[in-house]
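What follows is a single structure, written as structure tokens, with notes after it.
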Amino acid sequence: MEVDALNLFHLRYFVQLAHTKHYTQTAKQLCITQPSLSHAIAQLEAELGVPLFEKTGRNTVLTHFGEEFLICAENTLSTLDEGVEAMRRNARGEGLIRLGLLRTLGVEYVPRLAAGFLKANPGKDIRFTFQTGVTQELLEKLSARHFDLVFCSKPPAEMEFTAIPVDKQDLVLIVPRNHPLAGRHSVDLEETLPYEQVYFSKESGLRNVVDGLYAQIGGTPRIAYETEEDQVIAGLVAQGFGIAVVPYMEILLRLDVKIIQISHPAWERNFYVVSNDKAFQSPAVRQFRQYILDGGEL
């Protein structure tokens, strides 16, 4: 006998009768006739090939086969009911929203958005997961359906994602305190060409951004070291490994570096909320995305 041949209603009737132990009372509780209940239990027993109940005076009690099957039936119905309720919560705009983000956006921007969305949806069971990474890693995981939305640099056009700018960050030059440029308040990027740099590796979304800056002035930076993380770059600069173009972040104020404005070329780093339109988005994800595009207001 195939498991899927079992009638779901018959399983519910069986569980109710197992607890009530009386056909008439069970039929009344289920709002069906007693003959219908008797027929359902008889059919279930025939499908299983074993007796599930036996009479004891006026009551009906489980056989040892019935006691064993009751555990299975209750677990099955519980799992099914939980799944049905989960789907209904999703349909109501509840459920899990999986976010990938650059670490720099996890300090204030994304937490503020998530907190605002929860506040705007009181009473709803909405949960978030937050995972940080570099742009390339985040986009790969978005493609693999590990994230619902990611916040990162602009993705390559060939990935065919939908990317909408939502925030921006200025780029600055940082140098060790004893560097020849440390006395400057602003520099033309061309003035950085003679000096060794700590540079973003190709896995970072900022690599193309900084490359674009140097392309504008027709210069090639002297790359001495490469790494993915902007905070690691800042730490290396503080220890004298070179100079670097990085996004402005509060950690720079706590490191032994000089922060210098870039007077030319003008540039700022844009952040995007990126979605994979080929993947299904739950109502909660769609509503959160719209909340972001509306500027954090509902």
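The chain is numbered in sequence order, starting from 1. Since we're looking at a predicted model, the values are computed, not measured.
- Residues Leu142 and Val166 share a hydrophobic cluster, clusters being chains of Ile/Leu/Val/Met/Phe/Trp/Tyr side chains in contact below 4.5 Å.
- With rounding to the nearest 0.5 Å, the separation of NE2 in His185 from NZ in Lys258 is 5.5 Å.
- Between Phe53 and Phe14, the distance separating the two ring centers is shorter than 6.0 angstrom.
- Every residue meeting the side chain to side chain donor-acceptor pair (under 3.5 Å) condition with Arg12, not counting sequence neighbours, appears here in chain and number order: Asp81.
- Between Ile174 and Ile260 there is no side-chain heavy-atom pair separated by less than 4.5 Å.
- In this structure, Asp148 contributes its side chain and Arg98 its backbone to a donor-acceptor pair below 3.5 Å.
- Contact check for Val274 versus Phe147: no side-chain heavy atoms found under the 4.5 Å cut-off.
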Asn59 and His22: CA distance, side-chain angles, deciding distance, side chain to side chain contact (heavy atoms under 4.5 Å, CB included) verdict: CA-CA 5 Å; Asn59 290 331; His22 196 281; 4.0 Å; yes
Derivation of the side chain to side chain contact (heavy atoms under 4.5 Å, CB included) call for Val175 and Val257: CA-CA 6 Å; Val175 302; Val257 299; over 6 Å; no
side-chain hydrogen bond (donor to acceptor under 3.5 Å, both in side chains) between Asp230 and Tyr248, worked out: CA-CA 10 Å; Asp230 47 15; Tyr248 177 80; over 6 Å; no
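- No side-chain heavy atom of Leu101 sits under 4.5 Å from any side-chain heavy atom of Phe271.
- Taking the side chain as every heavy atom from C-beta outward, Thr132 and Leu138 never approach each other to under 4.5 Å.
- The closest side-chain heavy-atom distance from Leu149 to Val285 is below 4.5 Å.
- Note that OH of Tyr225 is 15.5 Å distant from OG of Ser201, once rounded to the nearest 0.5 Å.
- The salt bridge (charged side-chain N to carboxylate O under 4.0 Å, His left out) check on Lys278 picks up Glu160, with sequence neighbours excluded.
- Tyr109 and Phe151 have perpendicular rings, their planes meeting at more than 60° on a 0 to 90° scale where under 30° would count as parallel.
- The nearest pair of heavy atoms linking Ile217 to Pro265 is CG2-CD, 3.8 Å.
- Arg207 and Glu226 are joined by a salt bridge, as a carboxylate oxygen and a charged side-chain nitrogen come within less than 4.0 angstrom of each other.
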